[in-house]
Amino acid sequence: MTTLPLPESPSLANLSQEVHRQVESLVEQLAATAVERDRTGGSPLHERALLRQSGLLALRVPEAWGGHGASWSQTYAIVRRLAQVDSSVAHVFGFQHLMLATIHLFGSDAQWESLARQTVSQRWFWGNALNPLDRRTVGTASASGYTFEGQKSFCSGATDSDMLIASALEADQGRLLIAAIPSSRAGITVHGDWDNMGQRQTDSGSVSFDAVEVQSGELLLDPGPFSSPFACLRSLIAQLSLTNIYLGIAQGALSTAKAYTLSSSRPWIGSPAASAKEDLYVLAHYGEFWASLEGARLLADHAAQLLDAAWFAGLDLTEAQRGEVAVAVATAKVAATRAGLDLTSRMFEVAGARATTAALRLDRFWRNLRTHTLHDPVDYKLRELGDWALNDKHPVPSFYS
């Protein structure tokens, strides 16, 4: 096995006090309205404005270009913190950095620097219209580049975005074309058609492209996707972002359940305990919750450290080293999925019947996690891990592994 040299785990304490202040201010404001916004759905325009104002959209942009220069470990810690109170906003925040990483990995150095600097100066919010599973958008060569025509689904964060990472299949050739284009460009329509049971404010509806002109300089072709093991880190960045959202949801559920148990739960009539917090069954459940979540957290943190090391290696990253990160990310994602779904369902066993009142909407934790985890079946992650454990085969790079 090829082992990546692990960097020292970068602490959030190494980020500025302003970053800390902005994160905790966001958490406080998001928590105050999370229940009602889960009820109403729609686009969290006010919350997106708060993110723009915070400066955190440039969290991973190098300090020399006006950003905060955060590592992936630090970025994921903030994604997880936001997800504890609002997994929808955490989702679009995590995808902000995934979209910027897409430019860095697939585009030229000049494209990366120019778009990163403008992200800082213009406080750009990036949306996703890439979704390679949806093959309905076609790119036809034109005098200035390509014309995109078609539709994309599951376009998280596209509503109220300033820029989009969009993809199309090249007409006749079938080559994947990926571009960074303004969301306001003529022919782009962002539809407000996301109304699912969970993740209700991720703006993950559809986007239509009607003869959208894409300039040659907006295409991310140099070096392009799958051009090196380093370029193949994109899927792992996405997978680990989702993993940390899952963890944040579960941690938020545990914190909420704890507060409710201590303040409102009553021991069952057959319990000898004087209070719910002394009931042996309640304590056993909390012990299980803690053990499973702590294990998933440690796996996620380890995967983030490996990703930081792989990112630092750049074009020197080997296929085997990239595969090592892929195994760590898949392992963390399986653990976070299982621990989270179990906890968000069983939290009612430690809270009690009164906790099911619609006013609390405690089911939002399960609904958010269940909705999110279905987009990438954990069974396929287990198959990849089985092929590694039994046959020493790393996951094959794709947009999903």
query = Would you call the rings of His285 and Phe289 parallel, tilted or perpendicular if under 30° counts as parallel and over 60° as perpendicular?
reply = parallel
query = Taking atom CD of Glu288 as the centre, does the number of heavy atoms from other residues, nucleotides or ligands within less than 6.0 Å exceed 12?
reply = yes
query = Is the closest basic N to carboxylate O distance between Arg266 and Asp279 below 4.0 Å?
reply = no
task = Using the side chain to side chain contact (heavy atoms under 4.5 Å, CB included) rule, pick out the option among Val138, Leu177, Thr140 that qualifies with Tyr146.
result = Leu177
query = Is the NZ or CZ atom of Arg234 positioned over Phe399's six-membered ring, under 6.0 angstrom from the centre and within 45° of the axis?
reply = no
task = Can you establish whether the number of heavy atoms outside Glu28 located under 6.0 Å from its atom CD is more than 12?
result = no
query = Does some side-chain heavy atom of Pro62 sit less than 4.5 Å from a side-chain heavy atom of His68?
reply = no
ask   = Hey, would you say the Tyr76 and Trp72 ring centroids sit under 6.0 Å apart?
value = yes
ask   = Which distance, rounded to the nearest 0.5 Å, do you find between the NE2 of His104 and the CD of Glu113?
value = 11.0 Å
ask   = When you check the side-chain N and O atoms of Ser161 and Ser183, is any donor under 3.5 Å from an acceptor?
value = yes
message = Is it true that Ser25 and Gln29 share a donor-acceptor pair across their side chains at a distance under 3.5 Å?
response = yes
ask   = In terms of heavy-atom contacts, does CG of Asp109 have more than 12 from other residues, nucleotides or ligands at under 6.0 Å?
value = no
message = Pairing donors with acceptors under 3.5 angstrom, does anything connect the side chains of His97 and Ser241?
response = no
Donor-acceptor side-chain pairing of Ser401 and Glu384 below 3.5 angstrom = yes
Heavy-atom closest contact (Gln201 atom, Gly41 atom, distance) = NE2-O, 2.9 Å
task = Examine Phe230 together with Trp311 and report whether their ring centres are nearer than 6.0 Å.
result = yes
query = Would Leu133 and Tyr400 satisfy side-chain contact (heavy atoms from CB on, under 4.5 Å), going step by step from the backbone distance to the final call?
reply = CA-CA 10 Å; Leu133 272 180; Tyr400 310 100; 2.9 Å; yes
Leu56: which of Thr75, Val23, Leu50 passes side chain to side chain contact (heavy atoms under 4.5 Å, CB included) = Val23
request  = Quickly, which of Glu24, Gln17, Glu18 forms a side chain to side chain donor-acceptor pair (under 3.5 Å) with Arg21? Name it, please.
outcome  = Glu18
query = Is it true that atom CZ of Arg361 has more than 12 heavy atoms of other residues, nucleotides or ligands lying nearer than 6.0 Å?
reply = yes
ask   = Do Asp193 and Ser206 have a side chain donor and acceptor closer than 3.5 Å?
value = yes
Evaluation steps, salt bridge (Lys or Arg N to Asp or Glu O under 4.0 Å), between Asp86 and Arg200 = CA-CA 10 Å; Asp86 190 326; Arg200 300 206 6 98; over 6 Å; no
message = Under a 3.5 Å threshold, yes or no: a donor from one side chain and an acceptor from the other, between Thr371 and Asn196?
response = no
ask   = Does the side chain of Tyr286 come under 3.5 Å of the side chain of Thr261 through a donor N or O and an acceptor N or O?
value = yes
ask   = Is there a side-chain contact between Leu220 and Trp112, using heavy atoms and a 4.5 Å cut-off?
value = no
key: Non-hydrogen side-chain atoms of Leu317 and Leu4 separated by less than 4.5 Å   = yes
task = Would you name the heavy atoms of Gln215 and Arg185 that are closest together and state the gap between them?
result = N-NH1, 4.3 Å
ask   = Looking only at heavy atoms, which two atoms of Ser204 and Trp194 are closest? And how far apart?
value = O-CE3, 3.2 Å
request  = Would you check if Val207 and Ile188 make a side-chain contact, meaning some heavy-atom pair closer than 4.5 Å?
outcome  = yes
